[in-house]
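See structure below.
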Amino acid sequence: MLDIRKIESPRSTKTLELLFLIWLLTLPFVAMIGSVSIGFLTLYPNLIFTGILFVMVIGSFRSWKRMAQLFFAFLFLWAVYAICYPLISDIGFNDDWKIDVRTLLLQWSFAGVLFGTYSRFGHTLFVKLLKSGVIYFLGILLVAGIFEYYTGIHIAGRYTDKLLEQGVVDYNFYAPIFIHDNSNDYLVYLLGISVLFLGLLKEDLANQWKSVALLSLGFIFAKTASSRIAIFVFAALIIIQLVIILVQHIRKQGKLDLVMLSVGAVLFCVLILTNTMFTGTKFSTGDSTTSGEYVSFPTTKPFEGQSSVDVRYHLTLNAIDFIKEQPILGIGPGQFRQRHATYDVNYPTDTVVGPHNFILELITQYGIFGWTYLLLLASIFIQQIRTFLRERKNSWMLFILPVFGLISFLPSSFLYMDLNWFVVPILLLLSSQPLITDTVEDE
């Protein structure tokens with residue numbers, strides 16, 4: 001079979017490399033910069049470069065990995081199914097249907113760009129460029145997050161003005177949101193890109209401590225946003241990394257350090273338990289801190305609607321009803337939001353219309369296509385485990401899919417996030433071989 005990479009000229013490869021880098025540079029900003037509406041469609045730089053790259057690399061389809069070919073074909077059939085769904089049902093071509101169709105087409109396009117560029121560049125160059133793009137993406141998120149955390153100033157979006165309706169400026173006001181209008185969405189991107197970045201890092205002690213610092217900053221942001229899932233994920237990753245560092249250190253230095261660390265931890269606990277400054281409620285009443293009490297802070301009025309737990313519980317119950325209604329075909333693209341927005345459900349969810357659950361989002365709306373996609377993700381994870389057991393390297397790659405599974409519960413919808421379109425094809429490409437070659441590591 002003809003390998004298209006062997007007939008590519010250096011000039012065309014350099015052009016493709018430049019376009020791919022520009023695509024990565026525009027990725028963090030989606031349609032917030034340089035967008036132009038042409039009526040039925042909004043054009044923005046990343047979308048334009050997605051189209052250009054897709055056309056340039058789609059000719060290499062025959063040289064893709066077999067699994068990439070199958071996945072790409074599956075995404076195409078999924079998008080076609082979504083487009084045709086109104087023809088076999090009475091849901092109509094409503095706005096929610098349009099949003100999901102656009103999402104699936106972009107998911108397919110992103111997969112084509114990533115599979116095609118990987119085939120054209122080869123493993124080493126692709127990972128090198130990918131690493132540069134991920135570091136850039138992470139840098140943008142961190143700079144924006146630190147600025148917003150320090151100042152409380154946010155980029156104006158569709159829902160940012162809700163902050164001005166708060167009676168009291170509390171910690172949520174300082175939670176980073178970047179361009180996403182929602183602190184949970186920001187944390188989804190920060191967690192996803194951070195774990196992908198850790199998977200790209202060479203595994204040495206210096207980088208491991210860098211990862212602890214990165215994850216600790218993310219934990220602060222999650223705590224500020226009061227996002228329980230993100231707090232748990234960041235804390236778990238920090239603990240895992242510290243345990244890895246400790247085990248590696250003990251293997252090299254012996255058990256003396258373990259004894260010293262254990263004694264230090266015990267003494268620290270004794271300090272906390274015997275000092276009144278560290279006991280009690282964080283914001284307890286009192287005029288001063290000399291007696292161990294903190295000055296009281298003003299609080300907002302108690303929320304009188306359904307709690308977030310109640311809302312998610314009702315969303316799950318409604319999702320079960322949808323599955324029973326259409327277990328094979330699903331209720332249709334965008335119909336989870338549509339049915340809740342029109343109150344065509346058995347359990348109330350206030351103003352919440354998104355599923356807040358990626359698994360339910362897929363299987364309720366797309367039936368067999370949703371189940372197939374989830375099985376594919378499970379197969380990628382199994383392949384990652386096999387690769388790790390064989391190569392004994394890039395252990396952080398094992399955490400990417402579990403982390404994605406957890407953070408997919410954070411946003412109202414996970415399917416429409418370009419982070420999802422971006423990472424899954426990368427995992428499929430890199431799950432069957434060592435992630436970082438010596439050439440990339442040494443640079």
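Heavy atoms only: backbone and side chains are in, while hydrogens, waters and symmetry mates are out.
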### Query
What pairs with Arg339 under salt bridge (Lys or Arg N to Asp or Glu O under 4.0 Å), at least two apart in sequence or on another chain?
Glu325, Asp344

#### Entry: Asn184 CG to Arg228 CZ distance, which is reported to the nearest 0.5 Å
10.0 Å

### Expected output: side-chain Ser408 to main-chain Gly405 donor-acceptor under 3.5 Å
yes

### Query
Where do Tyr81 and Tyr85 land on the ring-ring contact (aromatic ring centres under 6.0 Å, His included) test, with the steps shown first?
CA-CA 6 Å; Tyr81 173 73; Tyr85 193 94; 5.7 Å; yes

### Any donor-acceptor pair under 3.5 Å from Gln383 side chain to Ser379 backbone
no

### Task
Verify the ring-centre separation between Phe76 and Phe72: is it less than 6.0 angstrom?
no

### Query
Going by heavy atoms in the side chains, are Leu415 and Tyr373 under 4.5 Å from each other?
no

### Message
Are the side chains of Phe358 and Leu362 in contact, using a 4.5 Å heavy-atom criterion?
### Response
yes

### From Leu237 atom CG to Phe232 atom CZ, the distance as rounded to the nearest 0.5 Å
9.0 Å

### Query
Is the side chain of Asp185 donor-acceptor paired with the backbone N or O of Pro411 at a distance under 3.5 Å, no angle test?
no

### Task
Under the side chain to side chain contact (heavy atoms under 4.5 Å, CB included) rule, what do Gln335 and Thr364 come out as? Steps first, then yes or no, please.
CA-CA 9 Å; Gln335 296 313 294; Thr364 58; over 6 Å; no

### Query
Could you go step by step and tell me if Val212 and Ile245 meet the side chain to side chain contact (heavy atoms under 4.5 Å, CB included) rule?
CA-CA 10 Å; Val212 172; Ile245 293 172; 4.0 Å; yes

### Query
So, does Asn94 use its side chain to make a donor-acceptor pair with the main chain of Trp97 at under 3.5 Å?
yes

#### Entry: Atom OH of Tyr44: over 12 foreign heavy atoms under 6.0 Å
yes

### Task
Report the distance from atom CD1 of Ile359 to atom CH2 of Trp371, rounding to the nearest 0.5 Å.
8.0 Å

### Task
Show your working on side chain to side chain contact (heavy atoms under 4.5 Å, CB included) between Asp96 and Asp100 and close with a plain yes or no.
CA-CA 6 Å; Asp96 288 309; Asp100 268 31; over 6 Å; no

### Neighbour count above 12 (heavy atom, 6.0 Å) for Tyr313 OH
no

#### Entry: Lys65 side chain to Leu429 backbone, donor-acceptor under 3.5 Å
yes

### Query
Atom NE2 in His180, atom CD1 in Ile155: separation rounded to 0.5 Å?
9.0 Å

### Task
Mark yes or no for whether Trp108, through its side chain, and Leu77, through its backbone, hold a donor-acceptor pair below 3.5 Å.
no

#### Entry: Tyr189 ring center near Phe178 ring center (under 6.0 Å)
no

### Message
side chain to side chain contact (heavy atoms under 4.5 Å, CB included), that's the test. Do Asp181 and His154 meet it? Break it down for me.
### Response
CA-CA 9 Å; Asp181 263 332; His154 302 289; over 6 Å; no

### Query
So, the side chain of Tyr186 versus the backbone of Leu141: is there a donor-acceptor pair under 3.5 Å, distance only?
yes

### Under the side chain to side chain contact (heavy atoms under 4.5 Å, CB included) test, residues paired with Ala73 that sit two or more places apart
none

### Message
Counting only heavy atoms from other residues, nucleotides and ligands, does the tally under 6.0 Å from CD1 of Ile328 exceed 12?
### Response
no

### Summary
Tightest non-hydrogen contact, residues Ile229 and Leu406, listed as CG2-O, 3.5 Å

### Message
Would the distance check show the side chain of Gln208 and the main-chain N or O of Gln241 forming a donor-acceptor pair, the cut-off being under 3.5 Å?
### Response
no

### pair Pro333-Tyr366: side-chain heavy atoms closer than 4.5 Å
yes

### Task
Taking the side chain as every heavy atom from C-beta outward, state whether Lys98 and Asp95 have any pair of such atoms under 4.5 Å apart.
yes

### Task
Would you confirm whether Gln107, through its side chain, and Leu75, through its main-chain N or O, come within 3.5 Å as a donor-acceptor pair?
no

## Note on the structure
One should read off an interatomic distance between Phe414 CZ and Ile407 CD1, to the nearest 0.5 angstrom, of 5.0 Å

#### Entry: Any side-chain heavy-atom pair of Pro86 and Ile91 under 4.5 Å
yes

### For Ala111 against Phe71, the heavy-atom pair lying closest together
CB-CE2, 4.4 Å

#### Entry: Contact summary for His314 and Thr349, nearest pair of heavy atoms
CB-CG2, 3.8 Å

## Note on the structure
Nearest heavy-atom approach of Phe336 to Ala319 is CE1-CB, 3.9 Å

### Side chain to side chain, Trp78 and Thr372, heavy atoms closer than 4.5 Å
no

### Message
Looking at Gly367, is its backbone amide N or carbonyl O close enough to the side chain of Gln326 to form a donor-acceptor pair, meaning the two atoms are under 3.5 Å apart?
### Response
no

### Task
Measure the shortest side-chain to side-chain distance between Val188 and Phe409 over non-hydrogen atoms and say whether it is less than 4.5 angstrom.
no

### Message
To the nearest 0.5 Å, what is the distance between OH on Tyr347 and CG on Asp321?
### Response
5.5 Å

#### Entry: Nearest non-hydrogen partners of Ala79 and Leu105, listed with the distance
CB-CD2, 3.9 Å

### Summary
Partner of Leu138 under side-chain contact (heavy atoms from CB on, under 4.5 Å), picked from Leu142, Ile135, Ile140, is Leu142

### Between Phe20 and Phe121, ring centroids under 6.0 Å
yes

## Note on the structure
Between Pro355 and Leu315 the two heavy atoms that sit nearest each other are O-CD1, 3.8 Å

### Query
How about Phe126 and Tyr118: are their ring centres within less than 6.0 Å of each other?
yes

#### Entry: Side-chain heavy atoms of Phe322 within contact of Ile363, under 4.5 Å
no

### Task
For ring-ring contact (aromatic ring centres under 6.0 Å, His included), just list the numbers for Trp23 and Phe110, CA-CA rounded to whole Å, side-chain angles, deciding distance to a tenth of an Å, and then say yes or no.
CA-CA 11 Å; Trp23 183 73; Phe110 267 53; 5.1 Å; yes

